[in-house]
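Every number for a ligand or one of its atoms is a count from 1 in the order of the listing.
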Amino acid sequence: MGTRKKVQAFVRVKPTDDFAHEMIKYGEDNKSIDIHLKKDTRRGAVNNQQTDWSFKLDGVLHDASQDLVYETVAKDAVSQALDGYNGTIMCYGQTGAGKTYTMTGATENYKHRGILPRALQQVFRMIEERPTHAITVRVSYLEIYNENLFDLLSTLPYVGPSVTPMTIVENPQGVFIKGLSVHLTSQEEDAFSLLFEGETNRIIASHTMNKNSSRSHCIFTIYMEAHSRTLSDEKYITSKINLVDLAGSERLSKTGSEGRVLKEATYINKSLSFLEQAIIALGDQNRDHIPFRQSKLTHALKDSLGGNCNMVLVTNIYGEAAQLDETLSSLRFASRMKLVTTEPAINEKYDAERMVKNLEKELALLKQELAIHDSLSNRTLVNYDPMDEIQIAEINSQVRRYLEGTLDEIDIINLRQIQEVFNQFRVVLSQQEQEVESALRRKYTLIDKNDFAAISAVQKAGLMDVEGHLVGEPDGQSFGLGVAPFSVKPGKKSKTKKTTKDQFSSSARKEGASSPVSGKDFDMTSISKTQLIPSSKEGDLKDMLVRERETSSIEPLPSDSPKEESRALSTVI
Ligand code: ADP
Ligand code: MG
């Protein structure tokens with residue numbers, strides 16, 4: 001994680017012969033603007049109205065060349081994008097104050113080119129300086145007009161809104177616009193021609209759709225992906241730079257606007273005020289919810305406002321007295337933006353394919369190493385590969401023979417084999433357990449020791465003496481009353497199962513029993529959780545016991561239908 005960083009807020013003043021020197025003053029360090037409003041310049045101003053404001057900024061650009069603006073505003077953010085940090089550079093301000101001039105610049109004059117072409121130039125220059133990395137560059141150009149998304153680089157001829165409307169999609173990697181074309185540009189010239197195409201489309205669109213281009217937001221994005229050329233490095237970095245030319249921020253007075261203009265003004269006012277709200281929320285450390293989804297603009301920029309990116313705002317203002325109201329409002333926006341902190345972080349990702357290759361290499365090396373160790377310690381050639389079915393079956397048979405006592409020990413060969421031996425122990429035991437369980441089920445109904453009613457019925461029937469011992473034939477042939485090691489009560493199964501396994505294996509091992517599945521071999525005296533009672537066909541154990549008592553001959557009644565068996569069980573449990 002990087003260190004927290006404030007959003008950088010610059011102000012660029014549009015050159016004018018009529019600069020309001022008396023009202024607009026810059027601080028000595030050029031990092032603040034003081035505004036002094038003469039009372040009489042404002043109609044209706046009363047004496048107690050505020051007339052002085054002071055705004056702290058990161059720099060004031062007055063009469064600054066395009067070159068200086070780029071150096072001051074964008075150079076660092078673009079350079080850091082190549083190291084994996086996302087960056088957003090945004091121009092804000094009223095129409096005509098110089099946002100597009102700052103961002104795109106004058107296309108007819110190379111010297112007056114703006115941030116966009118200069119950023120592309122810097123990116124490609126830096127790529128040339130980094131032969132150690134394979135860096136790909138892609139670009140997209142999105143326009144948001146009246147809450148509709150337009151692709152300014154659509155490969156189809158521009159016909160207005162795309163047939164399949166674009167949507168803003170969020171995934172763990174970030175936010176992207178589904179349907180927006182993203183173009184791979186392998187050299188500067190490609191990027192420039194795409195930029196030119198986008199600008200042309202922007203103008204065409206403004207004519208065909210009869211819209212004012214200063215009423216829309218435009219986002220030019222440069223996406224980068226840098227892979228190290230050294231084969232071993234499986235990490236790669238991604239980043240994007242958003243260059244945003246916002247719609248004019250001036251608030252059109254509603255009385256003066258109607259129809260289309262009113263609609264545009266409403267959308268712009270809304271989206272800019274949502275942008276402001278999101279930014280205020282971002283600047284407030286106590287806010288955990290940031291309302292990004294309120295507008296297309298904030299949603300599309302969700303992972304580019306605040307968060308982990310370098311963020312720069314250029315507020316374009318007029319220097320004339322007549323525009324002071326709007327200038328004040330723009331400066332307020334800039335100072336709010338300055339409160340926002342971000343935490344720039346590198347977007348590091350892993351190249352899965354490369355990772356697999358590296359792991360395979362590592363594995364081969366370790367196998368070689370192992371072979372050397374084996375031969376040095378005079379071990380016969382040991383195979384460390386995963387086992388096939390035949391080998392596993394052989395281990396299973398060894399385990400069975402070991403449990404039966406016909407095999408004294410199982411030779412240890414390697415770790416994989418030991419693990420498989422344990423595995424097969426589990427397999428064999430659970431098979432035996434199942435066999436016993438079903439054998440017993442066929443013979444007995446189980447009584448839970450806590451079921452006092454059933455126990456008392458058993459006692460009444462004379463099947464259990466007062467000390468709780470069950471009376472029956474010891475061989476378990478006709479009435480093997482003992483205790484089932486496993487409770488059939490749901491939820492207790494796993495715990496008791498373990499007991500079964502332990503007892504089972506120890507008794508089986510001790511006695512060297514040939515088949516532990518037989519009811520005879522089963523040590524019923526040592527287990528004490530559940531009592532065994534013959535199953536009843538009728539299902540009601542107590543009735544059955546009474547009847548059995550009357551006939552004084554108790555024979556186990558095996559249930560031949562599983563349905564009845566379960567009924568019998570459920571009445572007892
Ligand atoms: P916005 O995009 O904010 O509506 P523009 O960038 O289109 O404003 O600027 C309006 C006009 O002012 C354009 O003709 C532009 O060339 C000119 N202009 C703006 N800023 C400057 C500047 N710093 N130097 C020279 N001309 C500028
Ligand atoms: Mg503009």
Shortest protein heavy-atom distance from atom 7 (O) of ligand 1, along with the residue and atom involved: Thr100 CB, 4.0 Å
Atom 8 (O) of ligand 1: the protein heavy-atom neighbour that sits closest, reported with distance to 0.1 Å: Gly98 N, 3.2 Å
Go through ligand 1 atom by atom and flag the ones less than 4.0 Å from a non-hydrogen atom of Pro15. 22 (C), 23 (N), 24 (N)
Within the stated cut-off of 2.8 Å, is an N/O/S atom of Tyr101 closer than that to the Mg ion (ligand 2)? no
Nearest protein heavy-atom contact for atom 12 (O) of ligand 1: which residue, which atom, what distance? Lys14 NZ, 3.1 Å
Looking at ligand 1, is there an atom of it that comes within less than 4.0 Å of some heavy atom belonging to Met103? no
Of the side chain and backbone of Lys99, name the one, both, or neither that has a heavy atom under 4.0 Å from an atom of ligand 1. both
Out of Leu153, Thr221, Leu243, which one pairs with Val139 under the side-chain contact (heavy atoms from CB on, under 4.5 Å) rule? Leu153
Can you tell me if Lys240 uses its side chain to pair, donor with acceptor, with the backbone of Asn86 under 3.5 Å? no
Can you find an N or O of Gly96 that's nearer than 3.5 Å to an N or O of ligand 1? yes
Atom 22 (C) of ligand 1 sits nearest the protein heavy atom Tyr101 CE2, 3.2 Å
Run the numbers for me: atoms of ligand 1, each under 4.0 Å from some heavy atom of Gln94, listed by number. 3 (O)
Closest non-hydrogen atoms of Cys218 and Leu152, given as atom of the first, atom of the second and distance, are SG-CD1, 4.2 Å
Check this for me, if you would: do Asp67 and Lys111 make a salt bridge, where the nitrogen-to-carboxylate-oxygen distance has to be below 4.0 angstrom? no
Quick one: does atom 10 (C) of ligand 1 have a protein heavy atom under 4.0 Å from it? yes
Between Asp245 and ligand 1, does any nitrogen or oxygen pair lie at a separation below 3.5 Å? no
Using the ring of each side chain (for Trp, its six-membered ring), is Phe150 parallel, tilted or perpendicular to Tyr145, with breaks at 30° and 60°? tilted
With distance as the sole test, does Arg113 use its side chain to make a donor-acceptor pair with the main-chain N or O of Tyr110 at under 3.5 Å? yes
Give a yes-or-no answer on whether the side chains of Asn310 and Thr88 include a donor-acceptor pair shorter than 3.5 Å. no
Measure Ala64 to ligand 1 on non-hydrogen atoms and call it side chain, backbone, both or neither using the 4.0 Å cut-off. neither
Do Phe19 and His62 have ring centroids that are under 6.0 Å from one another? yes
Atoms of ligand 1, numbered as shown, that sit under 4.0 Å from any heavy atom of Thr95: 4 (O)
For Gly248, is the nearest heavy atom under 4.0 Å from an atom of ligand 1? no
Can you find a protein heavy atom under 4.0 Å from atom 14 (O) of ligand 1? no
Should Gln417 and Met387 count as side-chain neighbours, where that means a heavy-atom distance under 4.5 Å? yes
Do the charged groups of Lys338 and Asp58 touch, with an N to O distance under 4.0 Å? yes
